[in-house]
Trainee: 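Encoded as structure tokens, here's the structure I'll be asking about.
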Amino acid sequence: MNEQHKKIPFKFDISRMLELFANQIYQSPLSLLRENTQNAFDAIRMRENKPDQVFEPIIEVNVDNNSVKVSDNGIGMTTEEVENNFWYAGKSGKNTDEARAAGVVGTFGIGAMANFGIADQLCLETESFKFNQRTKSKLKRSDISTEKDSISLEQVEPLNKVGTTVIAKLEPDCNINIKEAKEFLKQFVEFVDIPVYFNEEKLSGNSFRSVLPSERYSWSKKLPSKSIAGIISGDLEVFGMASGELRIVIENISSQSGLGRPGVIVLLQGRNTIRTMRTGFGLSTIGVSSLYRWGGIIDLPFLKPTAGREALDAASNQILQKIISKLDQIISLIAAEHTESFENNCFLQWIISTSKFNLCGPLKIKPRPSNEVVSLEEVVQHSGVKYYDGNDEKIIKTYASDDEPLITISRRSPRRNCEIGYLKLKKIQKVDTRPRVTEEFPLSELSFNHTALAMRITRILEDDYFLRSNVKFGSISGGVSILVVPNTNPVEIYLNPNSSTVIPLLQIYESDFDTFGPFVKDFIRSTLFSRISNLVPSSTREGSEAFLRHLRSNREWFEYEISDKLDLEEIFTDFKIGRLTIKEAIRKIDDKNQSYVEVSQAKTDSLTTIIKEFPNENVTNKITNNFNPIPAIDRREEITEALILTGTNSINGHKCFLAITDRIQREKGEFFLQPHSTEIVWGGRKVLFIFQHHAKQFGLYYDILLPNLIQMNSGGGQRITTTILTKNRTFIPIPEELEADFLPSENNRKRLWVKCDVLYLKD
């Protein structure tokens with residue numbers, strides 16, 4: 001044969017590929033502990049589902065520096081099942097209606113791979129419940145091959161001891177922290193009704209209701225067999241605390257599929273993170289969009305984890321969002337029957353978001369001049385009543401009288417909006433104290449600074465907000481700095497040139513022209529936007545739907561992925577014959593919406609390279625406790641290759657910012673050009689960002705999986721939007737509590753796995 005032209009076989013290091021696949025899917029060395037325990041859990045569930053037999057289930061986990069051992073007395077396996085299921089990557093004996101009805105968790109058939117991330121040898125001994133057959137089997141990682149028989153398989157004398165024991169013998173240089181391993185496993189088995197022991201310490205058996213701080217309440221209401229969103233039904237119980245806080249317990253949950261065991265939901269207001277489970281076994285910590293910021297437990301038989309078990313699949317996330325959105329509605333209507341609920345700001349926010357101001361009659365107020373506490377529904381019966389939404393005592397004394405009482409609107413949001421909404425619904429007139437332009441100053445009579453400021457505001461509003469405007473200067477009654485004239489096209493905006501808000505902008509044009517543009521952008525973002533937000537085109541339903549269509553059209557051809565439920569044998573074959581590269585094969589294992597960003601000190605830069613001037617109270621009104629949608633900090637004149645920005649100066653309490661991945665920047669980066677609100681929650685190894693579009697029709701979730709457990713306890717909540725835009729990147733804020741988890745140390749890299757998708761907030 002001509003040596004210069006010949007054919008050679010494609011060489012395939014199966015051992016190395018298994019290690020790569022294991023590390024890609026199971027991104028923590030402790031994953032084998034969870035995976036083997038889950039298999040034991042599934043085996044017991046399947047045995048429990050068999051008729052006419054009684055046994056006391058148990059799972060025993062033993063961990064030391066050399067091995068991980070998991071034993072159960074579940075259904076066991078035959079020799080044939082060991083060969084054709086356990087050692088056959090991509091096949092599972094649990095992917096049947098019978099198994100799903102029993103309440104199994106895993107159906108992917110790739111769990112054995114998790115062991116070879118850190119295991120040098122895997123040993124199995126099992127005795128079948130169905131047949132009087134006991135089998136021993138083992139495999140060394142160094143012997144793994146597709147071309148030779150490397151797995152030992154031996155039938156031995158039955159011991160009449162049904163169940164399975166799996167022993168993963170660890171690599172010599174692999175040390176497991178016993179305490180960390182126990183805490184890791186506990187988050188998955190804490191609420192399992194099967195006894196699970198870790199080094200002889202019981203970890204399971206907690207009641208779902210134990211997450212409730214107490215069951216003391218001011219009122220409660222039970223709704224048996226309540227249907228929720230047409231997806232589930234169960235016995236719903238709502239609890240109301242004296243403080244107005246709400247809690248939910250739903251038991252005996254059944255689903256449309258009819259498979260699996262009854263589910264349970266226990267939710268507490270303001271906790272932010274929800275632990276999801278399937279028949280008691282932990283799946284993933286998630287966050288959902290809700291005005292009540294629910295946290296707690298959701299155990300439903302149809303929830304599906306991704307192949308790596310670190311997240312729920314996209315369909316499960318969307319179903320849970322629908323359930324929570326419907327629960328918000330059901331619970332709020334029940335809460336409206338109880339006066340305590342009107343002390344609950346989240347309940348009041350729900351009223352505002354749904355425009356159900358007719359429910360606000362029980363709100364207590366003190367009409368002037370009497371100051372007697374009465375309800376809104378009582379005071380509106382007075383023929384001469386009016387309301388005033390300011391706090392000027394001169395105006396109050398002028399308009400308030402016994403014959404014509406004056407309702408003074410609360411200064412606190414959201415109560416303020418609820419009071420105004422109810423009074424408008426009842427057609428109660430507002431005292432007319434509107435600011436007016438008392439004198440207009442033509443630009444021709446003002447300085448060049450005034451003209452430059454007016455032109456810069458006009459251009460930014462049109463370029464960035466698609467809003468045509470006509471900026472003018474004038475004296476405004478009541479000492480008001482800015483006046484937006486409604487129902488004008490273009491929108492007329494008056495600035496008082498002598499106000500403390502405008503003077504610094506005029507001065508900086510003279511003293512530091514380079515920072516003039518960014519200061520004007522910040523002025524619009526923090527001061528002007530709240531006055532014009534309802535005029536921005538994308539705030540309307542039609543505008544937001546158009547933007548959503550545009551956002552979804554940005555998906556590019558290379559985004560094609562396959563679902564989690566993969567046949568790994570097919571991937572191995574495609575790789576072996578050269579149809580796939582290593583990179584392509586690994587990518588097919590990843591979840592279809594998942595990507596990653598790898599951060600290092602080399603990719604870290606100072607925040608001051610982008611934010612050369614920090615918000616100044618003398619130039620812009622500082623945003624305080626404002627969680628409403630606002631625009632991002634716009635520095636698109638800057639460009640950076642950094643992935644993390646840090647500094648000593650803070651913006652809204654944040655000193656650390658992380659860039660979203662390049663892929664998500666391409667696909668969904670335009671979302672952040674729109675005003676949005678921000679919520680951040682964390683727990684375990686996950687940090688979840690929920691960004692809500694200012695039209696409140698849809699949002700974006702950005703789910704980050706860290707390489708290690710987060711140092712802080714789970715938590716989070718709403719944050720002041722502090723997204724930073726540069727020409728080529730979008731940076732999102734990292735809470736101060738989590739900075740240490742994101743910042744890489746010297747000569748160290750951190751790979752952060754990311755999932756991102758559109759979150760539909762309305763049906």
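Not measured: the values here are computed from a predicted model.
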Trainee: Can any side-chain N or O of R685 pair as donor or acceptor with the backbone N or O of L706 at less than 3.5 Å?
Mentor: yes
Trainee: Taking side chain to side chain donor-acceptor pair (under 3.5 Å) as the criterion, tell me which of T722, T721, T678 meets it with N652.
Mentor: T722
Trainee: Does R636 CZ have over 12 foreign heavy atoms under 6.0 Å away?
Mentor: yes
Trainee: Quick one: ring pair (Phe, Tyr, Trp, His ring centres under 6.0 Å) partners of F342, sequence neighbours excluded?
Mentor: F347
Trainee: Could you tell me whether the side chain of R749 and the main chain of V599 form a donor-acceptor pair under 3.5 Å?
Mentor: no
Trainee: Report yes or no: does S745 contribute a side-chain atom to a donor-acceptor pair with the main-chain N or O of N748 at less than 3.5 Å?
Mentor: no
Trainee: Any ion pair linking E439 and K472 (charged N to carboxylate O, less than 4.0 Å)?
Mentor: no
Trainee: Does R293 pair with E679 as a salt bridge, N-O distance under 4.0 Å?
Mentor: no
Trainee: Is the gap between the ring centers of Y494 and F473 under 6.0 Å?
Mentor: no
Trainee: Hey, what do you get for CG (D757) to OH (Y702), rounding to the nearest 0.5 Å?
Mentor: 13.0 Å
Trainee: Ignoring hydrogens and geometry beyond distance, is a side-chain donor-acceptor pair present between W294 and N272 at under 3.5 Å?
Mentor: no
Trainee: Is the shortest side-chain N to carboxylate O distance from E598 to K603 below 4.0 Å?
Mentor: no
Trainee: Would F513 and Y509 count as a close aromatic pair, with their ring centres under 6.0 Å?
Mentor: yes
